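These notes are about the structure you will find just below.
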Amino acid sequence: MTAAMKIRNLHGWNVTYEEAGKIQEDLREKLVLHDEGVPGDIRLVAGADISYAKGEDLFYAAVVLLKFPELEIVEQSSLSERVTFPYIPGLLSFREGPVLLKAFEKLKMVPDVAIFDGQGIAHPRGFGLASHMGLFLAIPTIGCAKTRLAGAPRNEAGNRPGDYAHLILNDDVVGAVVRTKKNVKPVFVSQGHKIGLERSIEIILASCRGYRLPEPTRKAHLAVNRIREASDG
DNA sequence: GCGACAG
DNA sequence: ATCTTGTCGC
């Protein structure tokens with residue numbers, strides 16, 4: 001996870017909102033949207049999440065690595081850092097990306113695929129958080145968001161776990177609304193980088209254990225909140 | 001101008 | 001995302 005550091009330094013995160021949008025448009029062309037480098041037999045999946053107190057700029061980030069398909073935690077890393085970039089729909093990666101990348105850099109093992117709490121290409125400029133992280137980490141990534149940012153489901157997803165409906169944006173399939181649990185709102189899955197949609201959906205479903213959100217995301221969420229409260233905040 | 005808007 | 005109490009449903 002060290003190659004990412006060079007790329008990030010070349011990139012630079014101190015940009016205007018307009019420049020950020022332009023960066024996304026440029027980088028989206030570098031995305032690989034098919035299963036490339038994704039082992040046929042995945043053994044390690046990563047989940048990452050951020051937590052912070054309202055009105056505060058101190059962010060806590062945590063990444064957990066789970067053995068797959070057992071989904072047992074085998075490694076995790078975390079850190080806290082000041083963040084000033086505001087939350088702007090469509091530019092989330094510029095706010096949460098830097099600290100998330102640092103958490104990944106502290107890992108000893110490299111995951112076969114990483115799941116992020118946000119969109120992959122189901123984004124206004126086709127370059128959401130998961131895509132951004134995938135390009136910088138140079139590993140397969142999947143976006144698994146709790147709500148919609150862009151696109152519209154072609155139809156309503158069934159109510160059975162595993163049912164899904166394609167997400168359409170500008171006549172393109174950019175993801176899927178996936179039911180991970182019966183009678184519970186579906187999640188928005190989209191490929192981030194180096195992976196295709198069908199494989200992304202398969203991995204998300206195989207990562208669920210009775211809850212709406214996949215285990216990597218849940219575990220990272222629990223971990224980061226546990227760390228934040230233990231840090232007096 | 002109006003509505004939408006990941007976390 | 002965070003804050004926050006109770007409440008409805010399987």
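Below, each value reflects all heavy atoms present in this structure, side chains not excepted, and no hydrogens, waters or symmetry copies. For clarity, every value in this text was computed on a predicted model and none was experimentally measured. Just so we're on the same page: letters track the sequence lines, and every chain starts at 1.
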Among the nucleotides [options], which one has an atom lying closest to any side-chain atom of [X]?
X: A:Arg95; options: C:dC3, B:dA6, B:dG7; answer: B:dG7
X: A:His221; options: B:dG7, C:dT2, B:dC5; answer: C:dT2
X: A:Pro89; options: C:dC3, B:dA6, C:dA1; answer: B:dA6

Does [X] have a side-chain nitrogen or oxygen under 4.0 Å from the phosphate oxygens OP1 or OP2 of [N]?
X: A:Arg148; N: B:dC5; answer: yes
X: A:Lys181; N: C:dC10; answer: no
X: A:Ser51; N: C:dA1; answer: no
X: A:Arg228; N: C:dT2; answer: yes
X: A:Tyr52; N: C:dT2; answer: no
X: A:Ser93; N: B:dA6; answer: no

In this structure, how many angstroms lie between the [atom2] atom of [N] and the [atom1] atom of [X], rounded?
X: A:Glu229; N: C:dC3; atom1: CD; atom2: P; value: 11 Å
X: A:Leu167; N: B:dC5; atom1: CG; atom2: P; value: 12 Å
X: A:Ile115; N: B:dA6; atom1: CD1; atom2: P; value: 21 Å
X: A:Ile88; N: C:dA1; atom1: CD1; atom2: P; value: 18 Å
X: A:Phe94; N: B:dA6; atom1: CZ; atom2: C1'; value: 14 Å
X: A:Gln191; N: B:dA6; atom1: CD; atom2: P; value: 19 Å
X: A:Leu91; N: B:dG7; atom1: CG; atom2: P; value: 15 Å
X: A:Tyr87; N: B:dC5; atom1: OH; atom2: C1'; value: 6 Å

Subject >> Output field: ring centroids A:Phe85/A:Tyr17 closer than 6.0 Å >> reply: yes
**OP:** Report yes if the distance between the aromatic ring centroids of A:Phe116 and A:Phe104 is under 6.0 Å, otherwise no.
**Re:** yes
Assess whether atom [atom1] of [X] is packed by more than 12 heavy atoms of other residues, nucleotides or ligands within 6.0 Å.
X: A:Glu70; atom1: CD; value: yes
X: A:Glu156; atom1: CD; value: no
X: A:Arg43; atom1: CZ; value: no

Original post:
With nearest nucleotides of DNA chain C determined for A:Asn183 and A:Asn225 from heavy-atom distances, which residue corresponds to the more 5′ nucleotide?
Top reply: A:Asn225
**OP:** Looking at every strand, decide which applies to A:Gly143 at a 4.0 Å heavy-atom threshold: base, sugar-phosphate, or nothing.
**Re:** nothing
Original post:
Which is true for A:Lys182 with a 4.0 Å heavy-atom rule: it touches a base, it touches only sugar-phosphate, or it touches nothing?
Top reply: nothing
Original post:
Once Watson-Crick and G-U wobble pairs under 3.5 Å are found, how is DNA chain B written in dot-bracket notation, 5' to 3', with | for any base paired to another strand?
Top reply: .......
**OP:** Rounded to the nearest 0.5 Å, what's the gap from CD1 on A:Ile115 to CZ on A:Arg218? Could you check?
**Re:** 13.0 Å
**OP:** Verify whether one side chain among A:Ser51 and A:Arg228 offers a donor that lies under 3.5 Å from an acceptor in the other.
**Re:** yes
**OP:** Report yes or no: do A:Asp117 and A:Thr217 form a side-chain donor-acceptor pair below 3.5 Å?
**Re:** no
